[in-house]
Amino acid sequence: RDFGVDEKFLSAMRKRFGDRVRLKSLDASNLLKAKDAIRALQRFQEYDFLITESPCHRYDFEGTALVRRSIPQPVSEHIFSYSQAVELLRSRAVDIFNVALTFIGGFTPAMKVFGLAEAAGISALLGTTQELCIGTAAQAQAAAVVPNLDFPGDTSGPRVYREDVV
C-alpha cells in the first residue's frame, strides 16, 4: 500500500496549522495487516497524533498486539461485543476500548465493557457513529458515569446534520 496521499494530507495540515492542531488519532479502519500498519505509523510519527485507532483487521488480535508493541502511541479498538473485549485483553492488543452505544448494542453491554476496561486497568473512550441528537444525548449520559474515559471522544453528530428528528 502506498501511504503517499495520507502523508501529503498530513504534511499540508501541519504546514497550515503548525502545532495549533493535534490529531486525535490515525485511524486505519481495520484495513491493514500488522506489518503495513507498523510501517505507516512509524512513517507518520512526526505528525504528533494522540492515539492509533483500529490498526489491523478487526479480529487480528495478535497483529494488533504487535502494532501496540511497535509504536509509542496507545492503541484503541472499536468494541462490538464483550467477548471481543475479553480477547483483546487476553492478547494485550489494546490500551483503549473505543465504545459506542450504537456499535455495542446499548447501555447495558456498553457498561459491562466499560467495567471490564476499568477492572483491567485500561482506558476507554466514547466512540461515535455520528449519531443524531437522541444518540448523542445517550452518549453524553454514558460519559457522565464512566470513570475511565481518559481519551477524547468525538460525539459530534448534531453538528454534521442539517436536520434531526428532535
Side-chain angles (χ1 to χ4, degrees), residues 10 13 17 20-32 34 37 40-41 44 47-69 71-166:
L10 292 168
M13 188 200 75
F17 298 105
R20 295 185 317 246
V21 172
R22 183 169 189 204
L23 293 171
K24 174 191 158 205
S25 69
L26 289 186
D27 184 354
S29 299
N30 299 116
L31 296 173
L32 301 176
L41 293 165
F44 298 148
Y47 297 108
D48 189 34
F49 51 99
L50 181 62
I51 65 174
T52 296
E53 188 172 342
S54 304
C56 300
H57 299 292
R58 180 164 294 131
Y59 297 105
D60 182 2
F61 304 119
E62 288 76 27
T64 303
L66 178 60
V67 171
R68 181 178 180 238
R69 292 190 305 270
I71 61 168
Q73 290 81 15
V75 172
S76 125
E77 183 57 72
H78 294 276
I79 305 300
F80 292 89
S81 69
Y82 191 86
S83 60
Q84 176 203 13
V86 168
E87 192 55 42
L88 286 164
L89 287 175
R90 278 190 189 133
S91 41
R92 300 183 188 271
V94 297
D95 304 284
I96 307 163
F97 283 170
N98 184 335
V99 181
L101 296 178
T102 52
F103 283 159
I104 193 87
F107 279 103
T108 300
M111 298 314 289
K112 287 179 181 179
V113 168
F114 284 130
L116 179 64
E118 183 181 20
I122 70 165
S123 298
L125 70 80
L126 201 56
T128 185
T129 57
Q130 308 314 322
E131 299 82 8
L132 296 171
C133 285
I134 293 171
T136 299
Q139 294 276 84
Q141 188 175 9
V145 298
V146 175
N148 53 332
L149 290 178
D150 302 318
F151 290 87
D154 47 13
T155 52
S156 58
R159 293 183 164 182
V160 175
Y161 303 108
R162 288 187 184 170
E163 296 182 32
D164 201 336
V165 296
V166 178

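Positions are given from 1 along the sequence.
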Considering only residues two or more places apart or on different chains, which pairs with a residue in residues 119-128 satisfy side-chain hydrogen bond (donor to acceptor under 3.5 Å, both in side chains)? S123-D150, T128-E131
Output, in order, the C-alpha distance, side-chain angles, deciding distance and verdict of side-chain contact (heavy atoms from CB on, under 4.5 Å) for L125 and I51. CA-CA 11 Å; L125 70 80; I51 65 174; 3.7 Å; yes
Does Q139 use its side chain to pair, donor to acceptor, with the backbone of L101 at less than 3.5 Å? yes
In terms of heavy-atom contacts, C56 and A37 come closest through SG-CB, 4.5 Å
Show your reasoning for whether side-chain contact (heavy atoms from CB on, under 4.5 Å) applies to T64 and R58. CA-CA 9 Å; T64 303; R58 180 164 294 131; over 6 Å; no
Taking N30 as the fixed residue, which of E77, H57, E53 is the one that meets the side chain to side chain donor-acceptor pair (under 3.5 Å) rule? E77
Apply side-chain contact (heavy atoms from CB on, under 4.5 Å) to the pair I79 and L88, showing each step before the final yes or no. CA-CA 9 Å; I79 305 300; L88 286 164; 3.5 Å; yes
Ring pair (Phe, Tyr, Trp, His ring centres under 6.0 Å) filter on F103, not counting sequence neighbours, yields H78, F80
Determine, step by step, whether L89 and L116 satisfy the side-chain contact (heavy atoms from CB on, under 4.5 Å) criterion, reporting the C-alpha distance in whole Å, the side-chain angles of both residues, the deciding distance to 0.1 Å, and the verdict. CA-CA 9 Å; L89 287 175; L116 179 64; 3.6 Å; yes
Pairs meeting criterion salt bridge (charged side-chain N to carboxylate O under 4.0 Å, His left out) with involvement of residues 79-100, two or more places apart: R68-D95, E87-R90
Measure the CG-CG distance between L50 and L23 for me, rounded to the nearest 0.5 Å. 9.5 Å
Looking only at non-hydrogen atoms, find the nearest pair between S76 and V94 and report the distance. C-CG1, 4.4 Å
